[in-house]
Amino acid sequence: MKLSRRKFLQLTALGSASLAAPRLAFSSEGNDRSDDIIISIFLRGAADGLNIVPPWGDPDYYRLRPNLAISEPGDQDGTLALDDLFGFHPGMVSLMPVYEQGDLAVIHACGSPSPSHSHFEAQDLMERGLEENTNEFNGWLGRYLDYRMDDSFGVFHAVAMGIAPPRTLAHQASSIAMPDIESFTLQFPTGEEEKIRTLLKELYSGDEMLDQASRDTLAAVDELALADPLRYAPENGAQYPDSPFGRQMQAMGQLIRADLGLRAGALSLGGWDTHEGEAATLESLVPDLAGSLAAFHTDMGADMNHITVVVMTEFGRRAYENGSAGTDHGHGSFMLAMGSNVNGGQVFHQWPGLKDENLYGSGDLEVTTDYRQVLAEMIDRRTTGMPLDTLFPGFSGYSPLGIFS
Amino acid sequence: MDLQQRSLAKKIAAFATLASSGADRAARTDNPDQPLPPPTADILTLSRCTFGITEALARQIDRLGREQWLRRQLDWNRIDDSPVEEQLHKQTPTIYMSEAELAELGNGFRVASQLKQATLFRAMFSPRQLYEVMVEFWNNHFSIYHRDGAVILLKTLDDRDVIRPHALGKFRDLLHASSKSPAMLLYLDNHTNVAGTPNENYARELMELHTLGVDGGYTETDVQEVARCFTGWAIADWRSENKGKFQFYPNRHDQGAKTVLGRLIDPGGGIRDGEQVVDMLAAHPSTARFICTKLARHFVSDQPPQTLVERMSQVFLDTDGDIPSLLEEMILSEEFLATADAKFKRPMEYLMSALRCTNPTLERQSYASLGSYLYALGQLPFEWGPPDGYPDTAGYWTSTNGVLNRWNFASLLAGSRLPGISIDYQGLAGDNRSAEETVDSLAHRLLHRRLNRTHREAFIRFLEDKDPENRLADQGDFQERIPALIGLMLSSPYFQYR
């Protein structure tokens, strides 16, 4: 059951022992720096790190993927080299300037240590920030919100672009979900609006499932109308792709510009389950992802100084290709981090190699960087911090990689 | 689409009869001080086993009693739905086309759109209501995304030849049919699963999502071995005589021995390899538990009572997965009756039930209105991308987006403001002299249960409003406010749960 923010604050104030507990890691006390706005993007369906950020310098890559590998730099439709080992899929071209400018970092052979090869289980675990199933219901980003919550948090503190908030955002208070800004208005009969709203509040008061959601809906509609985010056109010549994801990234930018009090946002881009005909799928999805991220970066401009974007996926794909010009479920994949305070322009990795003896399980890229290392460092460096065991229960061994400054 | 076929403009008398019969009303339903007075056992049964309560259904279950009504619904073949099918033959002819005809037609968009329309039409108008609920359940269990290449044509065949014949049959038969469904083979890539370089997609989802469940006791090796068993299971080429039909290609099949779930599958089995796997999975205790949990989650509670799931699983194993036997065990259980309002209506259930109780005139363009709201709410049929199907727990659907679009739909429907949809207010509200009578009769007609005393008074106040700024109210005619009251009732908690 959702608690109202006020009730939640009351409860935490009463049981403040947990808040007073020593902070196990993270920033020094007395740091008055404000928190970054965190935007979490989940690539659903297990995105292929090996073809999105191809390890062109590893000869085994070409051995395992004779038909599917992205060819070497310099070839037509070849890899866009980032260094001697890695490059970008050619569809990532629009992110090259962001990378070169130092605002985009890649983390490779990265992912969850969970052995699950199920999309749904692995997404669920990653969004909850867990290695194995426990009773923890909320998402990792949600736990951050719960920890940080105070009176300054408004109804728009957490927003998901889409039908429903992803588990990543689940926390004690509720998140706003909207597929777009335009249609988030009420269509009550003219002249009756106020009476209907009053009566709905009365009818839903105390309703276990919908009391909070109905209040939040009414409040969100009002705040949105007042702030009018749609008046903010993309700045600095940013051009978002004309795709659902591009429009949602643009909307997220408009919500930030409208100063609605956004602290965390979540978006999903699906369709990465490339068991068959992978090349064609990536040719359409990768430019959508890259173009949307690049446009957001351009649009936000100097504001990227207090915005951090992270991109993740539930697991990677099998290192060797299958007979359907695709790849089956694998293990390690990649992450992206974008923002002015990202130590970008580099690929963070401990490359495990792709020789048969280096592969995980049935032939997957090994995970050498736990995705929680990346996220923990982001919360550590780009917010005022929180206890690690609250953010990622059961995760120890945090050591910052220097992805964020 | 022309949905005018129906004429259910009836008076409230039936509900008065229902209310006075009182045979299976739990005592607590009479208490108007509860926050949300629960429905009677009959009404609860109807709200879970149909796409929405109508006057006719309420009378029928009152006459037959729950058990008899349920048995009739389960005997779906004997319920005449020829008027519905006659309409569909005219409105959505592509749902009856053969593989070859669909291939020749080639207009995938039209084919997909007609299947969606037919799905909504049947949910709204078929007298085989429980059957349609189960068709939706299995379409969602064996979820296939409409916009995956030729699936746009092939899903029509999957719905007609795989799901519908077995929706109230044996799970084993349904699973066999699904494993040979061209739409499924294409969607989960098994059509390109060949010896030597197998494709694991179908094998994995078959075990994880269709049968055993993710914790059902299979290993990564089982996934690879099952994939080998299904090599060569494909779709006949569009140029061949059998185009668009299932075809087994022996030369693409891995003829070696396999071990699945600890059991040896002898070499040289050919197509029997996959069929044997289907038989093993259909009879597996993990499958029984997984399917029964999903059924109980759909019909009873987001957290299905374990006692019920255990009894159902036993029935599953005893009857070879006989779906009507499972439904009887569940619907006639104490757990079913003890969980009123535990389920939040999903968008499809919400929209259909709102239409079925308001009984509007539907014209051709109404389908677009309904489609746009199902899209906004996130449950347009066959549009869930991943293979796990639309979520069947409240958490996903109770977002601000969900609440907002429900209220908007209710408000527009009630005001006859959706293109092609208009309500007969006279038929719905009747000739009531007072605001009290109007509220009571509309509550009976739309909400099918008693109102909490405070809520009833609030509805009456709303209807009687004499606010001088309100032009309509100035005329002192509460009748003018009936559409808004209908919208409010459909927006209220009384209409969100089942």
Side-chain angles (χ1 to χ4, degrees), chain A residues 2 44-45 115-121 133 155 160 162-165 170 174-179 183-189 191-192 195-196 199-200 202-207 209-210 213-214 216-218 220-221 270-271 273 275-277 318 320-326 328-329 361-362, chain B residues 35-36 188-189 192-194 196-201 204 208-209 214 220-221 223-224 227 344 376-378 385-386 388 391 394-405 407-408 411-412 415 417 454-455 458-459 462 465 467 469-472 481 483-484 487-488 491-494 496-497:
Chain A
K2 295 282 182 203
R44 294 183 194 277
S116 179
H117 282 65
S118 152
H119 295 297
F120 312 105
E121 184 179 48
N133 221 344
V155 72
I163 300 289
S174 44
S175 310
I176 299 298
M178 53 168 76
S183 57
F184 205 78
T185 58
L186 284 168
Q187 315 247 17
F188 295 148
E192 308 280 352
K195 288 179 206 80
I196 292 177
L199 200 40
L200 282 173
E202 186 179 340
L203 288 163
Y204 276 102
S205 168
D207 188 275
M209 254 185 232
L210 290 171
S214 53
D216 285 341
T217 303
L218 294 172
V221 165
D273 195 17
H275 288 274
E276 192 254 333
R318 192 71 43 81
Y320 57 84
E321 64 191 39
N322 63 21
S324 316
D328 291 325
H329 296 187
S362 342
Chain B
L36 196 60
L188 291 181
D189 304 316
T192 57
N193 182 18
V194 294
T197 53
N199 187 310
E200 297 171 7
N201 201 9
R204 181 184 302 280
E208 177 182 335
L209 300 176
V214 72
E220 284 300 303
T221 311
V223 172
Q224 296 180 318
F344 182 67
L377 282 159
D388 58 341
Y396 183 81
W397 305 107
T398 51
S399 70
T400 50
N401 178 68
V403 171
L404 180 95
N405 279 298
W407 289 349
N408 282 345
S411 191
L412 296 180
R417 290 190 286 151
T454 319
H455 294 161
F459 282 133
F462 178 81
D465 184 80
D467 186 339
E469 283 174 35
N470 186 315
R471 189 182 56 80
L472 298 175
R481 296 171 63 81
L488 198 46
S491 299
S492 76
Y494 289 88
Q496 308 307 320
Y497 305 114

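Sequence lines set the chain letters: A, B, ... in the order given, protein chains first and strands last, and positions in each chain run from 1. Keep in mind it's a predicted model, so treat the numbers as computed, not measured.
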*asked:* Contact between B:P386 and A:H119 at the side-chain level, heavy atoms closer than 4.5 Å - yes or no?
replied: no
_Max heavy-atom pair count under 4.5 Å with chain A, selected residue of B:L404, B:T221, B:T400, B:V194_ = B:T400
*Pick from B:T192, B:N199, B:L188, B:T454 with the largest number of heavy-atom pairs that fall under 4.5 Å of chain A*: B:N199
*Options A:I176, A:L200, A:I196, A:N133, ranked by heavy-atom pairs under 4.5 Å with chain B, top entry*: A:L200
_Proximity breakdown for A:S183 and chain B, heavy-atom pairs closer than 4.5 Å_ = backbone
_Residue A:T185 versus chain B: region with a heavy atom under 4.5 Å_ = backbone
*Tell me, side chain or backbone of B:A376 under 4.5 Å from chain A's heavy atoms, or both, or neither?*
backbone
*Do A:V221 and B:W407 pass the side chain to side chain contact (heavy atoms under 4.5 Å, CB included) test, and can you show the C-alpha distance, the side-chain angles, and the key distance before you say yes or no?*
CA-CA 13 Å; A:V221 165; B:W407 289 349; over 6 Å; no
*Could you have a look at B:S491, B:A394, B:G385 and say which one has the most heavy-atom pairs with chain A under 4.5 angstrom?*
B:S491
*asked:* Under a plain distance cut-off of 3.5 Å, with no hydrogens placed, do B:D189 and A:S324 share a side-chain donor-acceptor pair?
replied: no
*Does A:S214 have any side-chain hydrogen bond (donor to acceptor under 3.5 Å, both in side chains) partners at least two apart in sequence or in another chain, and if so, which?*
none
*Using non-hydrogen atoms only, which part of B:P35 is less than 4.5 Å away from chain A: side chain, backbone, both, or neither?*
neither
*By side chain to side chain contact (heavy atoms under 4.5 Å, CB included) - contacts of B:E220 (at least two apart)*: A:H117, B:R204
*Any idea which heavy atoms bring A:F188 and B:R417 closest together, and the distance?*
C-NH2, 3.8 Å
_Among B:G378, B:P493, B:A484, which residue has the highest count of heavy-atom pairs closer than 4.5 Å to chain A?_
B:P493
_Does any backbone or side-chain atom of A:A220 lie under 4.5 Å from a heavy atom of chain B? Answer side chain, backbone, both or neither._
neither
*Top contributor to chain A contacts, counting heavy-atom pairs under 4.5 Å, from B:G487, B:S399, B:G415*: B:S399
*Shortest non-hydrogen separation from B:Q224 to A:Y320 and the atoms involved*: NE2-OH, 4.3 Å
*asked:* If I compare all heavy atoms of B:S492 with all of A:L203, which pair ends up nearest, and what's the gap?
replied: CB-CD1, 3.9 Å
*Using non-hydrogen atoms only, which part of A:R44 is less than 4.5 Å away from chain B: side chain, backbone, both, or neither?*
neither
*For residues B:E200 and A:N322, determine if any side-chain heavy atom of one lies less than 4.5 Å from a side-chain heavy atom of the other.*
no
*Check whether any side-chain heavy atom of A:D216 sits under 4.5 Å from a side-chain heavy atom of B:V403, and report yes or no.*
no
*How far apart are the closest heavy atoms of A:P179 and B:N401, and which atoms are they?*
CD-OD1, 3.1 Å
_Over all atoms of both residues, closest heavy-atom pair of B:N201 and A:D273_ = OD1-OD2, 4.0 Å
_Pick from A:P189, A:P115, A:G271, A:A213 with the largest number of heavy-atom pairs that fall under 4.5 Å of chain B_ = A:P189
_Minimal non-hydrogen separation, B:Q496 against A:L210, with atom names_ = CG-CD1, 4.1 Å
